[in-house]
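The structure displayed is predicted, hence computed values, not measured ones. All values below come from the heavy atoms of this structure, side chains included, with hydrogens, waters and symmetry mates left out. Residue numbering restarts at 1 for every chain, and letters A, B, ... go by the order of the sequence lines.
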Amino acid sequence: MPELPEVEVIRRELEPLLKGKVFAEPMLQMPSTIEYPSPELFAASLPGREINNLNRRGKYLIINLDRGILTVHLRMTGNLLYVDDDTVSEERFLRLSLPFTDGSALHYFDMRRFGRLWLTETQAELKEVVLKRIGPDILNDLCRDDFLELLGKRERSRIKALLLDQGFAAGMGNIYTDECLYRSGIDPKRRVQDLKKEEAEKLYQSILEVLAEGIKYGGTTFRDYRNARGALGDFQSRLAVYGRKDALCRCGASITKAKVAGRGTYYCPRCQK
DNA sequence: AGCACCACCTGTGGGC
DNA sequence: TGCCCACAGGTGGTGC
């Protein structure tokens, strides 16, 4: 579900709400949601830790504590909801309750149960255990020349597969990748080695623009995404291609759906070459 | 290196 | 109406 913009929206909302909060006793409705360390150790060691600030790397939400780091990945259908008073109105799909000492709480919901949390003690452990194969954040840690240089090392990849590869750069998912390729006029099946320099530059610009717009409009709610207060995103109404099979592109051609990099892929066969 | 395929889960929507 | 199958915003493992 959530790609970089959705996680960033959640981060921006949660940071002022969570700063200074101290964790109380967690409730692990579904212990396997805790990836690291063991659910028992997680539950025993979280209480008493205080939240300093929130970061993000790609689709990972990184909650820095006074001691250690709590990391969350929402995968397909995870939702992180903040409530002022720890009452659960909806029990369905509730996987974790993380109450704070002041009576507020963070609730983790996840229909498909793919999402995971990690509690690590140091930055080195975070990198080793959680972010081992994660590349630089495509929005914050990659300038245009870095992007072009990294592209040069992956010449034989299909451009769509590469953008989805979190080890190349972190943050792009299926929706925003299709939107970026549309805006830069690039067929998702193209190989990196066949891109002209101007096309690669246009792609980089499109990525920054689309991600910024996604954040500005509160993310994309295609189905399940909710922000940290339970509200829907608004970017779905501005999508040019994703989910719009058979709709007309502004050039007059029909948006086409195909399988590229193993994923449903939407593009305009006339505008994207 | 790159890719196809499967697995992990639950729900939904389209086709028949 | 109802059943079945494909597919869904993500990622990790395997094997070619």
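When rounded to the nearest whole Å, the span between CG of A:L61 and C1' of C:dG10 equals 16 Å. The interatomic distance linking A:K245 (NZ) with C:dA6 (P) rounds to 16 Å, in whole Å. Distance CE (A:M172) to P (C:dG9): 14 Å, rounded to an integer number of Å. What separates CG of A:D224 from C1' of C:dC7 is a distance of 13 Å, to the nearest Å. Look at NZ on A:K257: it is 11 Å from P on B:dG14, rounded to the nearest Å. The nearest whole Å value for the distance from the CZ atom in A:R263 to the P atom in C:dA6 is 18 Å. Taking atom CG of residue A:L239 and atom C1' of nucleotide C:dA8, one finds them 15 Å apart after rounding to whole Å. Rounded to whole angstrom, the span from the CD1 atom of A:I134 across to the P atom of C:dG10 amounts to 12 Å.
Distance check on atom P: C:dC3 versus B:dC9 gives 26 Å, rounded to whole Å. C:dG9 and B:dG14: their P atoms are spaced 16 Å apart (whole Å). Look at the P atom in both C:dC7 and B:dA4: the space between them is 15 Å, to the nearest Å.
When heavy atoms are screened at a 4.0 angstrom cut-off, A:G115 is found touching no nucleic acid atom at all. If you check every strand for non-hydrogen atoms under 4.0 Å, A:Y242 touches sugar and phosphate atoms only.
Across every strand in view, B:dC9 sits unpaired, with no contact that passes the Watson-Crick or G-U test at under 3.5 angstrom. Using N1 to N3 plus N6-O4 or O6-N4 for Watson-Crick, or N1-O2 and O6-N3 for G-U wobble, each under 3.5 Å, C:dG9 pairs with nothing.
Side-chain contact of A:D84 with A:Y82: a donor-acceptor pair under 3.5 Å is present, judged by distance alone. Between the side chains of A:N64 and A:N53, at least one donor N or O lies within less than 3.5 Å of an accepting N or O.
Between the OH atom in A:Y267 and the CD1 atom in A:I255 there is a gap of 10.5 Å [rounded to 0.5 Å].
Here the side chain of A:Q272 pairs a donor or acceptor atom with the backbone of A:L181 at under 3.5 angstrom. When atom types are taken as modelled, the side chain of A:Q166 and the backbone of A:M172 share a donor-acceptor pair closer than 3.5 angstrom.
For the OP1/OP2 pair of C:dT11 and a distance below 4.0 Å, the side-chain nitrogens and oxygens of A:Q166 include at least one atom meeting the criterion.
Taking only side-chain atoms of A:I175, from C-beta outward, the nucleotide of C:dG9, C:dT11, C:dG12 with the closest atom is C:dG9.
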### Message
Walk along nucleotides 1-11 of chain B from 5' to 3' and tag each nucleotide B, S or - by protein heavy-atom contact under 4.0 Å, base first, then sugar-phosphate.
### Response
-SS----BBBS

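Ion pair A:E8/A:R12 flagged as a salt bridge, since at least one NZ, NE, NH1 or NH2 atom sits closer than 4.0 Å to an Asp/Glu carboxylate oxygen.
The aromatic rings of A:Y204 and A:F147 lie tilted to each other, with the angle between the two planes from 30° to 60°.
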